Each structure stands twice: as structure tokens, then as C-alpha cells.
Number of protein chains: 2
Amino acid sequence: MDEKDLRILKTIASERINSPERIHEHTGIPKSTVHYRIEQLREKGVILNDLYEMDLSKVGLSIVLISEVYAEYEEDYHESVGERIGEIEGVNQVYFTMGDTDFIVIAHVTDRRMVEDLVESYESIDEIRRTSSKFVITTVKNESHPINDFEHETLVEAILEE
Amino acid sequence: MDEKDLRILKTIASERINSPERIHEHTGIPKSTVHYRIEQLREKGVILNDLYEMDLSKVGLSIVLISEVYAEYEEDYHESVGERIGEIEGVNQVYFTMGDTDFIVIAHVTDRRMVEDLVESYESIDEIRRTSSKFVITTVKNESHPINDFEHETLVEAILEE
DNA sequence: ATTGAAACTTGATCGTT
DNA sequence: AACGATCAAGTTTCAAT
């Protein structure tokens with residue numbers, strides 16, 4: 001992969017774009033070249049589907065880390081703490097959970113060094129007390145769409161009532 | 001929302017489609033009607049972006065549950081156990097982690113009843129010993145693309161080397 | 001709110017370099 | 001491999017119901 005592929009991937013990621021035309025607009029790379037490059041990226045398994053989702057392991061983000069991040073209880077600070085966590089490089093998902101006040105954070109990184117940076121970044125936030133992380137060996141499933149679930153009776157009722 | 005919206009949403013979810021033409025092919029609903037309905041769904045905030053991702057809370061899946069599922073250690077059983085977890089209604093993400101052999105599972109459901117069903121389903125799998133769940137209060141961030149990260153030096157190097 | 005047909009925009013292909 | 005020109009396919013608009 002070269003610098004041109006990188007520009008295309010960057011555009012897909014940052015603009016959430018999935019069309020050759022838009023990529024062309026953003027990068028200035030001619031439509032037909034974009035088309036050609038996208039095909040190559042597809043063959044390499046970097047771009048996975050029509051939604052231009054990418055295999056993060058194929059762009060160097062091979063380590064997946066799931067962390068529990070415990071925060072000091074402070075009225076209304078949770079959203080802002082959560083957002084600060086979300087801004088850290090590599091962090092893709094941040095959930096604020098009930099009960100013991102804490103965040104569950106999923107991040108994708110390149111190497112051990114970035115893992116250390118990540119944990120350090122979490123702990124450098126004032127309100128954060130403690131973190132505990134697990135490495136993912138395999139991502140068995142990762143779907144953002146509720147496939148199959150639309151057959152569920154309760155769900156169908158809920159939708160129709162809206 | 002009515003039965004026609006439901007058919008459109010079902011098609012988007014199960015076929016991972018993001019084009020009016022394809023939805024038309026799958027449902028038989030005329031192109032221009034699909035177009036009109038999609039606009040409405042967009043205004044209602046159900047469909048979020050050009051990738052036709054949907055706000056799960058707007059389709060009745062308002063409860064997010066993150067569970068740790070501990071499995072009996074058995075050689076090579078992990079993938080199959082993981083896949084069985086992934087097939088359970090409501091489950092969107094399944095990660096198999098290092099160390100203490102267990103799965104981290106993220107699910108979206110409609111109500112308390114479905115939460116119970118979910119936990120019961122996990123525990124009905126032979127190899128599974130114990131589960132522990134947390135409710136999500138707010139999803140602070142949920143991105144499948146590595147936005148911003150493409151600025152990271154280590155990552156850029158990793159990509160260019162491929 | 002729905003639709004068929006028209007107008008327009010974009011995506012895919014192809015031939016040349 | 002890159003790309004401008006061409007053609008096929010898709011998306012969006014519009015007027016009628």
C-alpha cells in the first residue's frame with residue numbers, strides 16, 4: 001500500500017464515505033483511479049463490503065483491547081469524562097455503565113507501545129481511579145445491525161408502535 | 001412506523017444494503033416510494049447516515065447489555081461456543097479474550113424480559129459456567145472506523161509497509 | 001402518501017498512455 | 001498503474017393520483 005491508498009482510506013474513515021465520486025471530490029484522485037484502487041483494496045481484504053467497512057487488522061490495528069475504567073463518582077462528570085476517553089487515539093467504543101460507576105472501552109491499536117500509551121492516557125484523566133484491561137484473541141462477531149432480530153415479536157411490536 | 005417501514009429496515013439489516021435500488025429489488029416497493037420512506041426514517045433519526053446505519057434505540061432496542069461469559073476450558077471449543085453465543089437473538093458483538101478464558105458480549109434488547117432470555121440462553125450452553133452483566137446507561141462513542149487514528153505515525157508506517 | 005416516468009447524477013468499463 | 005471519455009446503472013425529482 002502506498003500514500004495514495006492511505007489518502008483513500010483516510011477519507012473513508014474520517015468522512016464516513018462509501019462512494020468513489022465523493023472520494024474523488026475529497027482527494028482529487030480521478031474517479032477511475034479511485035475505482036481501480038478500491039478494487040485492489042477489496043482484493044487485499046482491506047475493504048470488506050459495499051459499506052466500505054475495513055478490516056482493522058489489515059490496516060495495522062491488530063490488537064484489540066477491552067478495558068474497564070473506573071471513575072471517581074462526581075455528579076455529572078461522567079459524560080465529559082467519557083468524551084475525553086473517546087478522544088484518545090485508538091478508542092472506538094465507550095460505554096458508561098450502571099452500578100459501580102465505570103466505563104467499558106474498546107480500542108484498536110498497532111503494538112504494545114500503543115497499549116501502554118492508551119492505559120497511560122486513561123489514567124492521566126483526573127477522575128479516573130483504576131483500569132483493568134483484557135486482550136482480545138478473536139473477534140467472533142461484530143455487527144452493528146440487528147440482523148435476525150427483526151423477527152422477534154416484541155421488537156416488531158415496538159417498531160410498529162412508534 | 002408501519003409494516004412497509006419495517007420491511008425496508010429488515011432489508012437494510014439482513015442484507016446490509018444501503019441503496020434504494022437494492023431495497024426496491026428485495027421488497028418490490030417502487031424506487032420512488034423507497035426514497036420517500038428513507039427520507040422520513042432519516043428525519044425521525046432512525047437512519048443515521050449514508051451507510052444506512054440505524055439508531056438501535058429508535059427501533060425499540062433501547063437496552064444495551066455488556067456481559068462477561070466464563071467458559072469451561074476445553075481445547076478448541078472456544079470458537080464454536082463463541083459462534084453459538086453470536087447466534088443468540090440480540091447479540092451484536094462477541095469477543096474472545098486472553099487470560100481467564102471468557103467472552104465479552106454486547107447485546108441490544110427491547111425489555112427486561114429479553115434480558116432474562118439472553119442470560120438464560122448464555123447459561124444454557126454446556127461449556128458456560130458463569131455470566132456477569134452490566135447495563136449501559138449511555139453509549140458515549142461507537143465508531144467502527146479508526147477515525148483520526150490515521151494520523152498516528154506508527155499506524156501510517158504499518159500501512160505503507162503492507 | 002404513492003407512484004411511473006423524466007431528468008439528472010454517479011458508477012463501471014474501456015482504450016490509450 | 002493511471003486516467004479521460006463513454007456508457008450503463010443508479011438516484012432524485014416531479015406531476016398526477
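In what follows, chains carry the letters A, B, and so on, assigned in the order in which the sequence lines appear, proteins first and then strands, with residues in each chain numbered from 1. A quick note: this is a predicted structure, and the numbers were derived from the prediction, not measured.
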Whole angstroms only, please: what is the [atom1]-[atom2] distance between [X] and [N]?
X     : N      : atom1 : atom2 : answer
B/H24 : D/dG10 : NE2   : C1'   : 11 Å
B/H26 : D/dG10 : NE2   : P     : 12 Å
A/E39 : D/dA2  : CD    : P     : 14 Å
A/I38 : C/dT10 : CD1   : C1'   : 14 Å
B/D50 : D/dG10 : CG    : P     : 18 Å
B/K31 : D/dT12 : NZ    : C1'   : 10 Å
B/I29 : C/dT3  : CD1   : C1'   : 12 Å
B/I23 : C/dT2  : CD1   : C1'   : 17 Å

Worksheet entry | Polar side-chain atom of A/N18 near backbone of A/D50 as donor-acceptor pair, under 3.5 Å |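 Yes, the answer is positive, given that a donor and an acceptor are paired below the 3.5 Å cut-off.
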Using OP1 and OP2 only, check whether a side-chain N or O of [X] sits under 4.0 Å from [N].
X     : N      : answer
A/H35 : C/dG11 : no
A/K4  : D/dC3  : yes
B/S19 : D/dT11 : yes
A/R22 : C/dG11 : no

Fill in: Candidate pair B/T131 and B/E123, rule side-chain hydrogen bond (donor to acceptor under 3.5 Å, both in side chains), full reasoning
CA-CA 7 Å; B/T131 67; B/E123 294 180 348; 2.9 Å; yes
Worksheet item: Do B/R130 and B/Y70 meet the cation-pi criteria used here (NZ or CZ under 6.0 Å from the six-membered ring centre, within 45° of the axis)?
Response: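 B/R130 over B/Y70 ring: yes.
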Worksheet item: Between B/E127 and B/R84, is there a side-chain N and carboxylate O pair less than 4.0 Å apart?
Response: yes
Looking only at side-chain atoms of [X], point me to the closest of [options].
X     : options                : value
A/E21 : C/dG11, C/dA12, D/dG10 : C/dG11
B/S32 : C/dT2, D/dC3, C/dG4    : C/dG4
A/T33 : D/dC3, D/dT11, C/dG11  : D/dC3

Response to the item:
Note: A/D102 and A/F96 closest approach over all heavy atoms is O-CD1, 3.5 Å
